[in-house]
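Structure first, then comments.
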Amino acid sequence: MDTTRSGYRYVGPGDLLALVRAAKEGARIRSAADLARWVFARGAEERTEPFTFVVDAEGALRLAPRRSEHVVCAGGEAVLSAGEVGLREECGRWVVDEITNLSTGYCPDVDSWPAVARALDRAGIGHPGGFTHPVVFRRCVSCRQVNVVREDHFVCVFCDEALPPGWNIDREGRRTGTATDDFRRSRWSAS
């Protein structure tokens with residue numbers, strides 16, 4: 001785990017930052033009771049889908065409906081992790097059914113799992129020992145495009161250059177490119 005990284009800054013399209021002002025940030029979930037209230041306030045159909053989540057800089061779990069932008073859920077701030085989470089009740093307790101670090105706005109590394117586990121533990125939510133669907137993000141050092149690494153194939157889908165073994169999306173401390181657009185292009189080119 002990269003212990004020098006204090007969080008993940010937003011690296012997605014700038015136009016989505018405008019939504020932060022217009023919409024509310026995700027619901028802070030501090031307990032199983034908070035989670036139950038929030039989940040049951042959703043419609044029946046919405047409860048069957050995964051939710052957007054972030055772990056904010058204070059280590060708190062925040063949830064929003066699935067089609068919400070992670071940057072809105074985070075209130076525009078840096079996060080310790082982000083992705084999507086499916087939840088279910090099991091024996092009177094909330095548990096994670098599935099969870100991924102898929103967030104093309106923050107591109108968190110798989111090593112962000114401990115922050116997620118701590119936030120879930122604090123809220124009393126059972127969870128697996130890691131992401132059930134981990135996503136590996138890398139930025140190509142040659143063409144600067146963001147890639148989703150599939151099947152441990154660390155080769156850029158845009159220019160065929162080797163991708164670095166370590167997370168490098170925001171290493172330079174500034175936004176370089178639009179992760180969401182790059183992800184969409186890489187998703188279709190990899191098919």
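- The closest donor-acceptor contact from the side chain of Arg138 to the backbone of Pro165 lies under 3.5 Å.
- Taking both residues in full, the closest heavy atoms of Phe131 and Val116 are given as CZ-CG2, 4.1 Å, listed atom of the first, atom of the second, then distance.
- The two residues Ala82 and His70 have their closest heavy-atom pair at CB-CD2, 3.8 Å.
- Between the side chain of Arg62 and the main chain of Gly75, no donor-acceptor pair closer than 3.5 Å is present.
- Considering every non-hydrogen atom in both Leu19 and Glu69, the closest pair reads CD1-CG, 4.0 Å.
- With rounding to the nearest 0.5 angstrom, the CG atom of Leu35 is 4.5 Å from the CD1 atom of Ile125.
- Counting heavy atoms from C-beta outward, Tyr10 and Leu17 have side chains that approach closer than 4.5 Å.
- Put simply, the side chain of Thr100 gets close to the backbone of His133: a donor and an acceptor are under 3.5 Å apart.
- Across all non-hydrogen atoms, the minimal contact from Asp56 to Arg28 is OD2-NH2, 2.5 Å.
- Judged by distance alone, the side chain of Asn101 and the main-chain N or O of Pro108 form a donor-acceptor pair under 3.5 Å.
- Transitive grouping of hydrophobic side chains (ILVMFWY, heavy atoms separated by less than 4.5 Å) brings Leu120 and Trp38 into a common cluster.
- Linking Ile, Leu, Val, Met, Phe, Trp and Tyr whenever their side-chain heavy atoms come within less than 4.5 Å leaves Leu80 and Val136 in two separate clusters.
- Between the CG atom of Leu102 and the OG1 atom of Thr52 there is a distance of 9.5 Å, given to the nearest 0.5 Å.
- Side-chain contact between Glu46 and Arg66 is absent, with no heavy-atom pair separated by less than 4.5 Å.
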Verdict with supporting geometry, Phe137 and Val110, side-chain contact (heavy atoms from CB on, under 4.5 Å): CA-CA 9 Å; Phe137 295 98; Val110 294; over 6 Å; no
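- Around atom CD of Glu84, more than 12 heavy atoms belonging to other residues, nucleotides or ligands sit under 6.0 Å away.
- Between Arg37 and Asp34, at least one side-chain N (NZ, or NE/NH1/NH2) sits under 4.0 Å from a carboxylate O, which counts as a salt bridge.
- Scanning both residues, Val55 and Ala115, for their nearest heavy atoms gives CG1-O, 4.0 Å.
- Without hydrogens or angle criteria, Asp170 side chain to Tyr8 main chain gives no donor-acceptor distance under 3.5 Å.
- By the criterion of side-chain heavy atoms lying less than 4.5 angstrom apart, applied directly or through intervening Ile, Leu, Val, Met, Phe, Trp or Tyr residues, Val155 is not grouped with Val157; the two fall into different hydrophobic clusters.
- If you run ring-ring contact (aromatic ring centres under 6.0 Å, His included) between His127 and each of Trp94, Phe53, Trp113, only Trp113 comes through.
- Atom-to-atom distance recorded for Glu89:CD and Arg47:CZ is 10.0 Å, nearest 0.5 angstrom.
- For the atom pair CG (Leu63) and SG (Cys73), the distance works out to 6.5 Å, reported to the nearest 0.5 Å.
- Atom-to-atom distance recorded for Thr132:OG1 and Asp97:CG is 8.0 Å, nearest 0.5 angstrom.
- Using a 4.5 Å heavy-atom cutoff, the side chains of Ser142 and Cys156 are not in contact.
- Here the CZ-CG distance, from Phe158 to Asn147, works out to 5.5 Å after rounding to the nearest 0.5 Å.
- Considering all non-hydrogen atoms of both residues, Arg42 and Pro65 come closest at NE-CG, 4.4 Å.
- In this structure a side-chain-to-backbone donor-acceptor pair under 3.5 Å is present from Arg139 to Arg144.
- At a threshold of 4.5 Å between non-hydrogen side-chain atoms, the residues Leu163 and Asn168 do not count as touching.
- Residues Val85 and Val39 share a single hydrophobic cluster, defined by chaining ILVMFWY side chains whose heavy atoms lie under 4.5 Å apart.
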